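Just so we're on the same page: letters track the sequence lines, and every chain starts at 1. All values derive from a computational prediction rather than experimental measurement.
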There are 2 protein chains.
Amino acid sequence: MREARGNTRELVLDAALASFGTAGYDGTSLDDLAAGLGIRKQTILYHFVSKRRLLDAVVDRCTGELTAALEHVLSEARAVSTSDWDRVEAMVRVVFRIALEKPVLLGLLREVSRPGSPGAARLRTHLEPLMARARRWMEDEMAAGRMRRTDAQLLLLSAYSTVVGVATEIEVLRAAGVGPTLRPVVQRRAELLRFLRSSLDLSA
Amino acid sequence: MREARGNTRELVLDAALASFGTAGYDGTSLDDLAAGLGIRKQTILYHFVSKRRLLDAVVDRCTGELTAALEHVLSEARAVSTSDWDRVEAMVRVVFRIALEKPVLLGLLREVSRPGSPGAARLRTHLEPLMARARRWMEDEMAAGRMRRTDAQLLLLSAYSTVVGVATEIEVLRAAGVGPTLRPVVQRRAELLRFLRSSLDLSA
DNA sequence: CAGGCTCTCTACCAGATGGTCAGGATCAGG
DNA sequence: CCTGATCCTGACCATCTGGTAGAGAGCCTG
């Protein structure tokens, strides 16, 4: 029996992302995952050797998407505008857009960023270059006197967790029945930007 | 065979808190939990009927501790000072102190606050009265013109998630090897207070 | 001492879990 | 038409899971 595809891998990745992001890694069974796809568990194992490697593959794809989106918006912003603040704002916007369009991705991030979680290490190795790059940028800005001088690493981690926190909050709101209204999201984004701006103390 | 105690229940609760907070609910097995205590799993089930109820008990105790600490600091602050802002600040301080002293508690909160997690409902029922109370207070403040008029529920949820986010961040820092230095924590707390102050727009 | 209560244990179970193995179906190329 | 590669599956397995049944040990009370 050979179905239409070639895309089974992708389908499995999608389903795995959804399940890992909502039920968690331990809360996901290969049998359930397969059943949801009308497939047998052995098929999953054929494509991804083990459950652990399936998680790795999911993390790889997601961080890939994320960094690609960030790269894209960065290069675009660099082409159009000269202001550093515009670039920061663009990045925040893209993170929020992702959070709205693909909420499961936030769930996965939450699941996999727990210290001690399988895949936490992998996430870190993927995010490390981004962090390093941002840190270098901030240190340059500080050296040039365009940014208030503080601990770049700390501020960066703080900004990261705040952005992710706010984005996650959207999910909480949705779960609390606040509904798909866009207003609170926009409001929160504005507040966050204000906060970041004062933290960074950028001369716009 | 009867050992020295009567405190087995408490020991199990402690261990369960630690395991649920780090490995998660699904990632915790009663056998491992028992083995860590030099005990058989059936003893755990004797005290807490089922794994699910064990989680409930852990959540109950933790939210109990938390609300007790908040109540305490609130009543104390009310006795000593007259300023609303002092009370807010005192509450933030107590949350940070808890986060530093009992980091596992944050882990549990993180685990159990995931939408769809078992015990999420229970957490909500425990936190609801606190939230309602805070909302009433904020609405009073707004009515009296001492606070900028916005969506109280939204602002509250935002403040909650920010506080918890920052407190959790301490754990992330610790995991990243930033060490038990107090400086970043104090710095973050100061930033957070500044942020809350501007959000609330309290006339101190 | 008898009998009950509290606490912990051994023994056991049915179901689910991740994973292995061998084989069946389909297709491309020689 | 044969062969090998790709993709998928049924049968099977060892292990672990939460949970049950029952017994025995220490303790208190009548």
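Although no hydrogens or angles enter the test, the distance criterion places a donor-acceptor pair under 3.5 Å between the side chain of B/Thr67 and the main chain of B/Thr63. In this structure, the side chain of B/Lys51 does not engage the main chain of B/Leu45 through any donor-acceptor pair within 3.5 Å.
Put simply, CZ on A/Phe48 is 13 Å from C1' on D/dC7, counting in whole angstrom units. Between A/Leu45 atom CG and C/dA22 atom C1' there is a gap of 15 Å when expressed in whole angstrom units. For the pair B/Lys41 NZ and D/dC16 P, the computed distance is 11 Å after rounding to whole Å. At whole-Å resolution of the value, CG in A/Leu11 and P in D/dC7 are 14 Å apart. To the nearest angstrom, C1' of C/dT17 lies 12 Å from CG of B/Asp26. Rounding to whole angstrom units, CG of residue B/Leu54 and P of D/dG18 are separated by 10 Å. In this structure, the NZ atom of B/Lys51 is 19 Å from the P atom of C/dG15, given to the nearest Å. Going from atom CG of A/Asp31 over to atom P of D/dT9 covers 13 Å, rounded to whole Å.
Between B/Thr8 and C/dC7, a side-chain N or O to OP1/OP2 separation shorter than 4.0 Å is absent. Taking 4.0 angstrom as the limit, A/Tyr46 places none of its side-chain polar atoms (N or O) nearer than this to OP1 or OP2 of D/dC8. Taking 4.0 angstrom as the limit, B/Ser29 places a side-chain polar atom (N or O) nearer than this to OP1 or OP2 of D/dT17. Between B/Thr43 and C/dC9 there is a side-chain polar atom (N or O) within less than 4.0 angstrom of OP1 or OP2.
Closest contact between the side chain of B/His47 and the listed nucleotides D/dC12, C/dT17, C/dT8 involves C/dT8. You'll find that the side chain of A/Arg40 is closest to D/dT9, out of D/dG18, D/dT9, D/dT20.
Using a 4.0 Å cut-off between charged side-chain N and carboxylate O, B/Arg61 and B/Asp14 make a salt bridge. Of the charged side-chain nitrogens involved, none lies within less than 4.0 Å of a carboxylate oxygen, so that A/Asp140 and A/Arg136 do not count as a salt-bridged pair.
Contact record, A/His126 with A/Pro129: O-CD, 3.4 Å, taken as the closest heavy-atom pair.
For the pair A/Asp32 and B/Gln42, nearest-nucleotide mapping onto DNA chain C gives the more 5' position to B/Gln42.
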